[in-house]
J.: 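Before anything else, here's the structure in question.
Every chain is numbered from 1, with letters handed out A, B, ... down the list of sequences.
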Number of protein chains: 2
Amino acid sequence: MKIMLKAVLEDTSLYQPGLSIDCVIFGFHDNQLKVLLIKTKYSEKWALPGGFVPVDEDIDQAAVTVLNNRTGVKGIFLRQFATFGCAKRNDSDFSSIVLDFYGIPKEKGEWYTNRFVTVGYYALVDFSQIIPQQVGKNETVEWIDHHAVPELILDHKEILDKALETLRMELNLMPVGYNLLPEKFTIPELQRLYETILGKKLDRRNFLRKITAIGILVKLDEKKSNVAHKAPNLYSFDKQKYQEVVKNGLNQGW
Amino acid sequence: MKIMLKAVLEDTSLYQPGLSIDCVIFGFHDNQLKVLLIKTKYSEKWALPGGFVPVDEDIDQAAVTVLNNRTGVKGIFLRQFATFGCAKRNDSDFSSIVLDFYGIPKEKGEWYTNRFVTVGYYALVDFSQIIPQQVGKNETVEWIDHHAVPELILDHKEILDKALETLRMELNLMPVGYNLLPEKFTIPELQRLYETILGKKLDRRNFLRKITAIGILVKLDEKKSNVAHKAPNLYSFDKQKYQEVVKNGLNQGW
DNA sequence: CTAACTTTGCGTCATAATAACACTTTGTAG
DNA sequence: CTACAAAGTGTTATTATGACGCAAAGTTAG
């Protein structure tokens with residue numbers, strides 16, 4: 001949220017006032033659902049990667065920019081899920097600390113101390129292809145297991161929770177995996193992804209049946225190597241059909 | 001969106017800049033899904049009821065205020081569904097027309113001519129209990145069949161479409177009807193509500209089976225009177241169970 | 001008054017989707 | 001070569017769904 005705050009304050013007229021973007025960036029590694037978080041130097045707490053919205057730019061585009069800055073990857077799954085506008089988001093103590101840290105005088109930082117509303121986006125990215133980008137010297141970017149998320153600034157925890165809740169719900173409407181797994185993967189890996197997102201165990205055999213019934217998987221003539229026990233078969237997604245299903249949706253209740 | 005624009009411009013520091021609320025208010029009458037729309041005097045086009053956000057107020061609360069102003073009813077179903085922030089929303093031609101109409105000089109109306117991002121909410125209300133409220137003398141408020149929606153200002157049509165799409169999707173996650181129907185209603189009425197929202201016919205007998213299986217209906221010892229043909233039985237919702245199901249959700253795909 | 005018609009209410013039946021579970025295969029580790 | 005762990009491939013019982021049939025209740029047309 002404070003990407004290039006200094007630069008923004010140089011000419012605040014270029015940015016939408018009182019509006020920010022926050023991204024919940026999910027990755028999958030070691031059977032863990034990871035979230036990309038930022039450790040700021042001006043606070044003990046962590047934060048979601050975020051940014052501001054140029055006045056002449058779509059908010060969706062601004063979210064893409066945030067994502068590119070943090071992950072260096074383009075063309076990934078990104079979806080708006082909610083907008084957060086509690087009045088108490090206006091934590092002037094917090095913004096004062098940030099301004100102090102950067103040595104910005106209060107008059108100049110007034111734009112930033114006003115009440116902010118933030119639009120939440122969540123992204124699904126391939127962990128193995130993303131090297132967290134350090135933006136500026138004053139923060140560290142890290143993948144953190146979603147079960148081990150430390151205290152976050154402001155209402156970022158609430159935003160993160162809502163993102164995960166939305167992702168869980170969207171699992172019923174679309175397949176997931178194309179964006180979170182490498183090109184080639186195994187069914188057990190895909191299953192563990194689902195289990196991790198849902199937070200519960202699934203039956204191996206029933207999972208296979210349901211997931212293949214969707215018609216988005218391509219069984220490769222290749223097995224995973226260097227694994228303990230029986231080598232699982234490798235699969236990849238039929239990108240064409242995958243996109244179709246994402247677009248048209250799965251189970252329609254009515 | 002231009003409720004009390006004049007009053008707002010009196011002291012713009014009290015309002016969140018560049019941010020508005022737009023409400024898609026659904027009602028059900030004569031087997032038609034109705035939307036509450038505003039006919040403004042300064043344009044041939046219609047608009048969604050909207051408003052601005054006081055800086056010290058939650059956006060959800062601001063949406064409630066809009067709703068109360070328009071329908072005069074409190075405690076109704078209201079849900080945020082998306083935020084619209086296309087750069088082209090910044091239609092300066094449009095805002096100039098509005099300012100001209102109200103006779104507001106350009107300097108004073110600068111706050112309003114800036115680019116706006118709007119948060120979309122949709123509401124479900126009992127048509128029979130709502131008398132559209134006229135706010136100010138320069139606009140008319142009317143229930144309009146969602147199939148007969150005229151041309152709307154800016155991207156309001158897109159917002160309306162997205163609201164309906166969201167409502168359709170949410171039908172798979174929760175029951176609907178408590179907010180749209182009168183206290184007592186018949187199964188055929190409820191079915192027609194579902195059919196209207198979904199835009200397709202449902203089988204009478206299968207509908208009854210599915211809807212009763214949810215366990216939210218109470219069969220009353222009373223039949224609808226003054227109707228042609230066989231008098232249908234009246235039902236009401238078990239409010240307790242209804243709320244539970246809305247909270248916990250229906251079909252879990254996984 | 002009666003026959004035709006419309007709508008409601010309550011079923012059935014075949015099929016599809018889901019949950020629960022058993023056995024075999026393949027490779028590792030000791 | 002034996003024990004073990006994970007993968008792959010079933011089966012079966014139960015439930016949910018979709019497609020219909022038929023009788024009851026009330027209205028309308030002649």
Side-chain angles (χ1 to χ4, degrees), chain A residues 30-31 168 171-175 177 181-182 184-196 198-236 245 248-254, chain B residues 30-31 171-175 177 181 184-196 198-236 245 248-254:
Chain A
D30 275 347
N31 293 334
R168 275 182 187 156
L171 269 196
N172 297 327
L173 306 173
M174 64 176 194
L181 295 174
K184 297 174 182 182
F185 56 90
T186 69
I187 297 288
E189 280 168 1
L190 182 57
Q191 179 176 342
R192 254 160 261 139
L193 169 60
Y194 270 72
E195 289 178 336
T196 308
L198 294 168
K200 67 177 178 186
K201 289 282 172 197
L202 300 173
D203 183 274
R204 241 166 3 102
R205 297 143 288 190
N206 294 335
F207 179 80
L208 176 65
R209 187 161 25 87
K210 272 191 85 164
I211 207 76
T212 51
I214 300 176
I216 52 173
L217 292 177
V218 180
K219 187 172 185 173
L220 303 176
D221 194 20
E222 196 178 347
K223 288 183 188 306
K224 182 142 184 164
S225 52
N226 296 325
V227 287
H229 315 297
K230 181 171 181 177
N233 215 302
L234 285 171
Y235 285 76
S236 69
V245 178
N248 300 330
L250 290 172
N251 324 318
Q252 322 280 21
W254 295 96
Chain B
D30 275 346
N31 293 334
L171 268 198
N172 297 326
L173 307 173
M174 62 173 194
L181 295 175
K184 297 174 182 182
F185 55 91
T186 70
I187 297 287
E189 280 168 2
L190 183 57
Q191 178 175 343
R192 256 160 260 141
L193 169 60
Y194 269 72
E195 289 177 337
T196 307
L198 294 167
K200 67 177 178 188
K201 289 281 171 198
L202 300 173
D203 183 275
R204 239 167 3 104
R205 297 144 285 193
N206 295 335
F207 178 80
L208 176 64
R209 185 158 27 94
K210 274 190 85 166
I211 207 79
T212 50
I214 300 175
I216 52 173
L217 292 178
V218 180
K219 188 171 184 173
L220 302 175
D221 194 21
E222 195 177 347
K223 289 185 187 304
K224 181 142 184 165
S225 52
N226 296 324
V227 288
H229 313 299
K230 182 172 182 178
N233 215 302
L234 286 171
Y235 285 77
S236 69
V245 178
N248 301 329
L250 289 173
N251 322 317
Q252 322 280 18
W254 296 96

J.: For B:Pro232 and B:Thr186, work out which heavy atoms get closest and say how close.
T.: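 Minimum heavy-atom separation between B:Pro232 and B:Thr186: CG-CG2, 3.7 Å.
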J.: Below 4.0 Å from chain B heavy atoms, what is the first contacting nucleotide of DNA chain D and what is the last?
T.: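 In short, chain B contacts DNA chain D from D:dT17 to D:dT27.
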J.: Under 30°, 30 to 60°, or over 60°: which ring-plane class applies to A:Phe207 and A:Tyr194, parallel, tilted or perpendicular?
T.: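 Perpendicular: the ring planes of A:Phe207 and A:Tyr194 meet at over 60°.
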J.: Checking B:Arg204 now: which residues fulfil side chain to side chain donor-acceptor pair (under 3.5 Å) with it, not counting sequence neighbours?
T.: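 Listed in chain order: nothing, the list is empty.
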J.: Does atom NZ (B:Lys224) have a neighbourhood of more than 12 heavy atoms from anything else shown, all under 6.0 Å?
T.: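 12 or below, so no.
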J.: Which letter, B, S or -, goes with each nucleotide of nucleotides 3-16 of chain C from 5' to 3', with contact meaning a protein heavy atom under 4.0 Å?
T.: ---BBBBBB-----
J.: Do A:Val245 and A:Ile214 pass the side chain to side chain contact (heavy atoms under 4.5 Å, CB included) test, and can you show the C-alpha distance, the side-chain angles, and the key distance before you say yes or no?
T.: CA-CA 8 Å; A:Val245 178; A:Ile214 300 176; 4.1 Å; yes
J.: How close or far is atom C1' of C:dA19 from atom NZ of A:Lys201, stated in whole angstroms?
T.: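 That distance rounds to 18 Å.
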J.: Among residues at least two apart in sequence or on other chains, which ones pass side chain to side chain donor-acceptor pair (under 3.5 Å) with B:Lys184?
T.: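 For B:Lys184, the residues satisfying side chain to side chain donor-acceptor pair (under 3.5 Å) (neighbours in sequence not counted) are B:Glu222.
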J.: For B:Phe185, which residues count as a ring-ring contact (aromatic ring centres under 6.0 Å, His included) partner, sequence neighbours excluded?
T.: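 Here the qualifying residues are B:Phe237.
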J.: Tell me every residue that passes side chain to side chain donor-acceptor pair (under 3.5 Å) with A:Asn233, counting only those two or more places apart in sequence or in another chain.
T.: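 If we apply the side chain to side chain donor-acceptor pair (under 3.5 Å) test to A:Asn233, skipping adjacent residues, there are no hits.
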